[in-house]
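Here the structure is laid out as structure tokens; the discussion comes afterwards.
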Amino acid sequence: MNRFYVTTPIYYVNAEPHLGHAYTTIVGDALTRWHRLLGEDVKYLTGTDEHGLKIQQAAAAAGMEPQAFTDAIAPKFAALWGRLNIANDDFIRTTEARHKAAVVELLQRCYDAGDIELDTFAGKYCVACEEYYADDELLDGDRCPIHQRPVEYFEEENYFFRLSRFEDRLLDWYARHPTAMIPEHRGNEALGLIKSGLRDFSISRTSLEWGIRLPWDAGHVAYVWFDALTNYLAAVGFGDGTDGYRERWPVDYHLIGKDIVRQHCVYWPAMLMSAGVDLPKGWAIGGWLLSDGDKISKSSGNAVDPLDLINDVGLDGFRYYVLADTTYGNDGDFTYGGLVSRYNADLANNLGNLAARVATVVAKKCDGLGTAPDPDSALAAHAASAYTETAAQWDVVQPSRALDATWSLIRATNGHLEANEPWKAEPGPAVDLVIGDALEALRIVAVLCSPAMPDIAQTVWERIGMTGDVADQRLPAAAEWGQYTAGATVTKGDALFPRIRA
RNA sequence: GGCGGCGUAGCUCAGUUGGUCAGAGCAUCCGGCUCAUAAUCGGAAGGUCGUCGGUUCAAGUCCGACCGCCGCUACCA
């Protein structure tokens, strides 16, 4: 059985979970559900990043110990994933023992390889922020942009990862794996970063308390990257003393945002090369999901939490909008108008109405029992091409295009009904075939849209009289024309997506 | 400043290696239908493919310059 391993970034717990986190996590969820339909053995990982100075400070400000502080925040992420029906198989926290073991293992390997060395880190330091600043970040060349007070020149002994040694190796590797980073234009940005020259980066701090200590020098605490990135390995057992992690590793896709390309597509593969660990098979680099044009963040304080709009369009309506309206790789703009427009057009008018009109005709012309489709139906070709295109787009992590391909079958089905007008004909074999075609198309649509809308897909599945769990269907077999079970009870039920009056 | 990305119908976007590539969905207008959630179906209109040059028999599709928007610029995930 093919294995499929996907990760989201681990989210930093100094902020409450928001739309930006939800976006990436929903994409990952839909992607993994698709691969489950393909019969693959999937592992979907997300989690939280809980170390570092900011957490230490935030905890102190709250009068809490860091661990207690993160213990209070991390569940909020897990709770949101529950609310969004995210089927992650694992949730890793960087404060877990398995994570610490993996970080220690990776650090030690790179250290043993000679790629981590003691050196001096020097820079302008703001005592108030407890952070270093680059010259061009400073006001008037010497004042902290936050506190507006002069910074001090500090020198600190740090361990450095010799990233500069990996420039050629990285370029060579990417040249041999040209489709590793998708979409292509995002990958080009990463290649540009490498070609522009790589500088070593420090991986430890002596001033930091809240984190993982270097295995060979307890006076230093690992600083961000070796800690955060290693979660992807930790979750598959790296560092447990065996090679068991190789069953899952290398990861198929790291889903990341365009803002962390450098760390994930440059630092991370170099670290893995140094440690003698296989590189990821792929990175799927997304844009940001903006809200009315503004980047969603705690600092921008958007008035309305887009997540609250789940109440208006239902969870699956929300998921559909996020997936269908944003081209993965580009920025998306989350607007109420866009949400309602998508919901009404694609869900209420197309899918929901199709299900309703078919159910009504079945009741009137077929005694409420589904009929068999025409093996030679004109719709069969539409269904086949819709499946092919849907699959091709999920394969390259383009949910919006995949859903558009699936919806092409819905549109074709509405057209098929118009062309044959079964509601005008007397009950009989001809009507039965047309209705069977529509039911069969709905069956296939239910399967194909289930990664995006798990609950609605199941509802459609049951209303057309299919039994069991639509998620248990397996592709490509389930997309083949002609499998609808004649004689099944078709129920109309309430509107799947009540139309929203603007 | 340096590096990079984007700029195609009102809106969101497709257009892999240059030659039916000028497209889809939504919105708009006209018409049909009335099984259906004022849904659906058909048709129409709508773009000098950011601007200016260049290469070519032929360029959204290659090259150069420019304009506009945006990202990164290194230890913040």
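Just so we're on the same page: letters track the sequence lines, and every chain starts at 1.
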Any [X] side-chain heavy atom under 4.5 Å of [Y] side chain:
{"X": "A:L339", "Y": "A:V313", "result": "yes"}
{"X": "A:L351", "Y": "A:M453", "result": "yes"}
{"X": "A:L163", "Y": "A:R199", "result": "no"}

(request) For each nucleotide in nucleotides 35-43 of chain B, reading 5' to 3', give B when a protein heavy atom comes within less than 4.0 Å of its base, S when such contact involves only the sugar-phosphate, and - otherwise. (result) BBB-SBS--
(request) Can you check whether any acceptor in the base of B:C26 is under 3.5 Å from a donor in the side chain of A:S341, or vice versa? (result)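 Side chain to base: no pair present.
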Strictly under 6.0 Å, is that where the ring centroids of [X] and [Y] end up?
{"X": "A:F334", "Y": "A:W288", "result": "no"}
{"X": "A:Y159", "Y": "A:W225", "result": "no"}
{"X": "A:F160", "Y": "A:F201", "result": "no"}
{"X": "A:Y111", "Y": "A:F161", "result": "no"}

Roughly how far apart, to the nearest Å, are [N] and [M] at atom [atom1]?
{"N": "B:G7", "M": "B:G15", "atom1": "P", "result": "10 Å"}
{"N": "B:C21", "M": "B:A59", "atom1": "C1'", "result": "11 Å"}
{"N": "B:G46", "M": "B:U28", "atom1": "C1'", "result": "9 Å"}
{"N": "B:A14", "M": "B:A58", "atom1": "P", "result": "29 Å"}
{"N": "B:G47", "M": "B:G53", "atom1": "C1'", "result": "22 Å"}
{"N": "B:A65", "M": "B:A74", "atom1": "P", "result": "26 Å"}
{"N": "B:C57", "M": "B:A45", "atom1": "P", "result": "35 Å"}
{"N": "B:U61", "M": "B:G50", "atom1": "C1'", "result": "16 Å"}

Work out which heavy atom in [X] is nearest to a heavy atom in [Y]; give both atom names and the distance.
{"X": "A:A74", "Y": "A:F91", "answer": "O-CZ, 4.0 Å"}
{"X": "A:P9", "Y": "A:I256", "answer": "CG-CA, 4.1 Å"}
{"X": "A:L198", "Y": "A:S164", "answer": "O-CB, 3.3 Å"}
{"X": "A:Q393", "Y": "A:E389", "answer": "NE2-OE2, 2.8 Å"}
{"X": "A:F77", "Y": "A:V13", "answer": "CE1-CG1, 4.1 Å"}
{"X": "A:A441", "Y": "A:L379", "answer": "CB-CD1, 4.2 Å"}

Protein-nucleotides 67-69 of chain B N/O pairs closer than 3.5 Å?
none

What donor-acceptor contacts under 3.5 angstrom involve side-chain atoms of residues 488-496 of chain A, with partners at least two apart or in another chain?
unit_1 : atom_1 : unit_2 : atom_2 : d
A:K492 : NZ     : A:T360 : OG1    : 3.2

(message) Counting only heavy atoms not in A:E184 (residues, nucleotides, ligands), do more than 12 fall under 6.0 Å from its CD?
(response)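 Counting neighbours around CD of A:E184, 12 or fewer heavy atoms of other residues, nucleotides or ligands fall under 6.0 Å, so no.
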Between protein and nucleotides 11-18 of chain B, what N or O pairs are separated by less than 3.5 Å?
unit_1 : atom_1 : unit_2 : atom_2 : d
B:A14  : OP1    : A:R401 : NH2    : 3.2
B:A14  : O5'    : A:R401 : NH2    : 3.4

Whole-Å distance separating the [atom1] atom of [X] from the [atom2] atom of [N]:
{"X": "A:K54", "N": "B:C75", "atom1": "NZ", "atom2": "C1'", "value": "12 Å"}
{"X": "A:L339", "N": "B:C26", "atom1": "CG", "atom2": "C1'", "value": "14 Å"}
{"X": "A:I194", "N": "B:G4", "atom1": "CD1", "atom2": "P", "value": "14 Å"}
{"X": "A:R262", "N": "B:C76", "atom1": "CZ", "atom2": "P", "value": "12 Å"}
{"X": "A:Q263", "N": "B:C76", "atom1": "CD", "atom2": "P", "value": "10 Å"}
{"X": "A:L403", "N": "B:A24", "atom1": "CG", "atom2": "C1'", "value": "15 Å"}
{"X": "A:R205", "N": "B:C76", "atom1": "CZ", "atom2": "C1'", "value": "12 Å"}
{"X": "A:L198", "N": "B:C3", "atom1": "CG", "atom2": "C1'", "value": "13 Å"}

(message) Let me spell it out: for each of A:A228 and A:N188, pick the nucleotide of RNA chain B with the closest heavy atom. Which residue's pick is nearer the 5' end?
(response)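 Its nucleotide being nearer the 5' end, the pick is A:N188.
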(message) Reading RNA chain B from 5' onward, which residue's closest nucleotide shows up sooner: A:L193 or A:D49?
(response) A:L193
(request) Check whether any side-chain N or O of A:K424 sits under 4.0 Å from OP1 or OP2 of B:U34, and answer yes or no. (result) yes
(request) Side chain of A:E189 only, please: which of B:C72, B:G4, B:C75 is the nearest? (result)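 The answer is B:G4, which lies nearest to the side chain.
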(message) Any residue in residues 429-446 of chain A with a heavy atom nearer than 4.0 angstrom to RNA chain B? Just list them by number, or reply none.
(response)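 Heavy-atom contacts with RNA chain B come from no residue of residues 429-446 of chain A; none.
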(message) Apply the syn/anti split at 90° from 0 to B:G60 and say which one it is.
(response)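 Classified syn.
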(message) Using a 4.0 Å heavy-atom cut-off, does A:G197 contact any base of the nucleic acid, only the sugar-phosphate backbone, or nothing at all?
(response)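 Contact class for A:G197: base.
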(message) Pair A:Y232, A:H264 - check ring pair (Phe, Tyr, Trp, His ring centres under 6.0 Å), show working.
(response) CA-CA 11 Å; A:Y232 306 127; A:H264 280 76; 5.7 Å; yes
(request) Cation-pi check, A:R205 to A:Y223: give yes when NZ or CZ is under 6.0 Å from the six-membered ring centre and within 45° of the ring axis, no otherwise. (result)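 A:R205 over A:Y223 ring: yes.
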(message) Dot-bracket for RNA chain B, please. Rules: Watson-Crick or G-U, both distances under 3.5 Å, ( ) within the strand, [ ] when a pair crosses earlier ones, | for another strand, . otherwise.
(response) (((((((..((((.........)))).((((.........)))).....(((((.......))))))))))))....
(message) Please check this pair: side chain of A:K365 against backbone of A:W423, looking for a donor-acceptor N/O pair closer than 3.5 Å.
(response)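 The answer is yes, because a donor-acceptor pair under 3.5 Å joins these two groups.
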